[in-house]
2 protein chains.
Amino acid sequence: MTERHKPSLPQTGNDEPIVLVVDDDPSVRRALINLFESVGLRVAAFGSASEILQSKPPEVPSCLVLDIRLPGLSGLDLQADLAKANIHTPIIFITGHGDIPMTVRAMKSGAVDFLTKPVRDQDMLDAVQAAIERDRKRREIEKTVSNVRSRFESLTPRERDVLSLVASGMMNKHVAAELGLAEITVKIYRGQIMRKMGAKSLAELVKMNEALGTQHAKRDEQT
Amino acid sequence: MTERHKPSLPQTGNDEPIVLVVDDDPSVRRALINLFESVGLRVAAFGSASEILQSKPPEVPSCLVLDIRLPGLSGLDLQADLAKANIHTPIIFITGHGDIPMTVRAMKSGAVDFLTKPVRDQDMLDAVQAAIERDRKRREIEKTVSNVRSRFESLTPRERDVLSLVASGMMNKHVAAELGLAEITVKIYRGQIMRKMGAKSLAELVKMNEALGTQHAKRDEQT
DNA sequence: CTACGGGACAAACCTAGGTATAGCTCGCCC
DNA sequence: GGGCGAGCTATACCTAGGTTTGTCCCGTAG
């Protein structure tokens with residue numbers, strides 16, 4: 001299970017997870033790279049927050065291992081910037097001299113873990129595994145939702161009106177009354193909506209519409 | 001807005017939020033009680049984990065303010081016990097001598113905040129407000145879901161079979177084929193399901209069924 | 001034994017959903 | 001100015017959904 005099947009060079013085009021390490025201390029970077037590679041994980045290392053912000057976010061399940069204290073932007077600042085940029089790669093912090101308020105802030109902002117130096121290898125590997133798993137799930141959800149969203153965007157304004165009323169359970173005649181239309185018009189829009197959204201039944205359509213609305217409140221459980 | 005409209009004795013039967021304080025130091029308890037009462041919050045105070053475990057959980061929005069170090073069960077132990085007992089009252093920890101691993105563990109387990117002594121009054125009040133708000137939302141969701149669940153439990157086994165297939169978008173004739181029934185039988189069960197569940201449309205039924213299935217993965221966002 | 005609830009089905013009947021074909025106006029882009 | 005897409009509607013027709021009434025079998029609780 002922990003066997004290396006290939007030389008595992010970080011080539012593009014596969015979907016092996018990758019760990020992104022940000023630490024200004026080259027010896028720490030080296031140690032983390034060795035640790036992760038020893039269990040067959042791909043790694044990319046950076047010396048500062050700005051370096052990683054310039055690189056494009058990977059499109060495979062990944063996580064960040066961040067030192068709190070970094071030259072320029074701190075780890076916490078980087079976390080905030082990534083959140084603002086709508087990048088949700090899970091973050092594991094490491095610190096030599098952190099305090100509790102810092103920890104709380106990081107965890108409240110969604111960090112997966114906050115480890116103190118000296119970090120035990122197993123703790124780090126456990127945290128990374130949990131983080132990558134979290135990212136995998138997030139990407140899965142994100143993929144299906146963005147699919148639905150792009151279909152939704154192909155709807156005309158009027159079709160969207162009809163969709164929201166139909167998905168709320170109103171009958172065609174009531175939708176028609178609500179929108180000042182003839183019932184037949186609603187039926188036709190409804191058929192177009194089903195086709196454009198790729199829904200094979202009303203139940204599917206309702207679920208898709210829910211997924212669009214639920215976009216705001218989401219987060220996964222811990223442990 | 002912060003005005004006291006009544007003498008505010010903790011009578012049962014209203015739905016004013018309440019803060020539950022657990023600290024073994026009477027002077028700290030006193031200070032916290034004063035603080036919370038000064039902004040019109042109801043408070044109940046306890047000296048140990050076992051004391052609060054014996055009292056019945058309040059049925060109004062509430063939160064716990066826990067010292068990490070307690071006689072007997074520690075704050076973290078209490079948190080774990082409450083989780084096991086399926087009691088999800090949000091928790092705010094306070095500590096004089098906490099460390100980072102402790103903080104991480106508490107936050108991972110869902111704590112709202114983790115404050116270090118000396119605690120600034122405003123920080124405590126902010127945390128309590130956030131915690132109570134979280135509990136209020138959780139209770140709201142819990143209320144509607146348990147409503148749906150109790151309706152679901154009034155369904156016969158066969159009706160549940162039909163429900164899950166109907167809610168997945170299958171047509172009556174396909175449901176019938178799947179279950180080895182006549183289409184008319186499915187129609188009749190379907191009508192009974194709609195009545196028992198109190199759904200006025202298929203869309204509502206689908207949403208109810210989703211709510212039942214989503215029971216496991218839930219958590220709300222932070223900040 | 002009887003009453004009762006769950007499960008299953010049928011005929012008859014009605015309503016809601018959905019498609020095809022066709023036709024209309026309006027604003028916009030080239 | 002002609003083509004185009006969005007928006008809107010009508011007629012006709014078909015399928016799916018849903019109720020009512022009535023019937024039957026079975027197991028079990030009283």
Exercise. Ignoring backbone atoms, establish whether R158(A) has a side-chain N or O less than 4.0 Å from OP1 or OP2 of dA6(D).
Key: no
Self-check item: For atom CZ of R160(A) and atom C1' of dA6(D), their distance in whole Å
Solution: 13 Å
Quiz item: K173(B) side chain N/O closer than 4.0 Å to the phosphate oxygens (OP1, OP2) of dA16(D)?
Solution: yes
Self-check item: Residue met sooner reading DNA chain C from 5', once P157(B) and R195(A) are mapped to nucleotides
Solution: P157(B)
Quiz item: Hey, does I188(B) reach any base, or is it just sugar-phosphate, or nothing, if we go heavy atoms under 4.0 Å?
Solution: base
Practice problem: State whether the number of non-hydrogen atoms from other residues, nucleotides or ligands found under 6.0 Å of Q192(A) atom CD is greater than 12. | Solution: yes
Quiz item: Taking atom P of dG7(D) as reference, at what distance in whole Å does atom CD of Q192(A) sit?
Solution: 9 Å
Quiz item: Can you tell me how far P of dC8(D) sits from CZ of R190(A), to the nearest Å?
Solution: 17 Å
Quiz prompt | Separation of dC14(D) P from M171(B) CE (nearest whole Å) | solution = 18 Å
Exercise. Identify whether any heavy atom of T156(A) sits under 4.0 Å from a base atom; if not, whether one sits that close to sugar-phosphate; answer base, sugar-phosphate or nothing.
Key: sugar-phosphate
Quiz prompt | 5′-ward residue of the pair S154(A)/E183(A) relative to DNA chain D | solution = S154(A)
Quiz item: Under 4.0 Å between a side-chain N/O of N172(B) and OP1 or OP2 of dG17(D), yes or no?
Solution: yes
Quiz item: Would E159(B) and R195(B) pass as an ion pair if we require N to O under 4.0 Å?
Solution: no
Quiz item: Could you state the CD1-P distance from I184(B) to dA16(D), rounded to the nearest angstrom?
Solution: 14 Å
Quiz item: Hey, is the side chain of Y189(A) poking within less than 4.0 Å of OP1 or OP2 on dC8(D), counting only N and O atoms?
Solution: yes
Quiz prompt | Spacing between L155(B) atom CG and dG7(C) atom C1', to the nearest angstrom | solution = 15 Å
Quiz item: In terms of side-chain geometry, is the basic nitrogen of R136(B) or E133(B) positioned less than 4.0 Å from the acidic oxygen of its partner?
Solution: yes
Self-check item: Whole angstrom value for the distance that separates C1' of dA10(D) from NZ of K187(A)
Solution: 12 Å
Self-check item: Backbone of S62(A) reached by a side-chain donor or acceptor of D135(A) within 3.5 Å
Solution: yes
Practice problem: Rounded to the nearest angstrom, tell me the gap between atom NE2 in H174(A) and atom P in dA16(C). | Solution: 8 Å
Quiz item: Is the shortest side-chain N to carboxylate O distance from R29(A) to D24(A) below 4.0 Å?
Solution: no
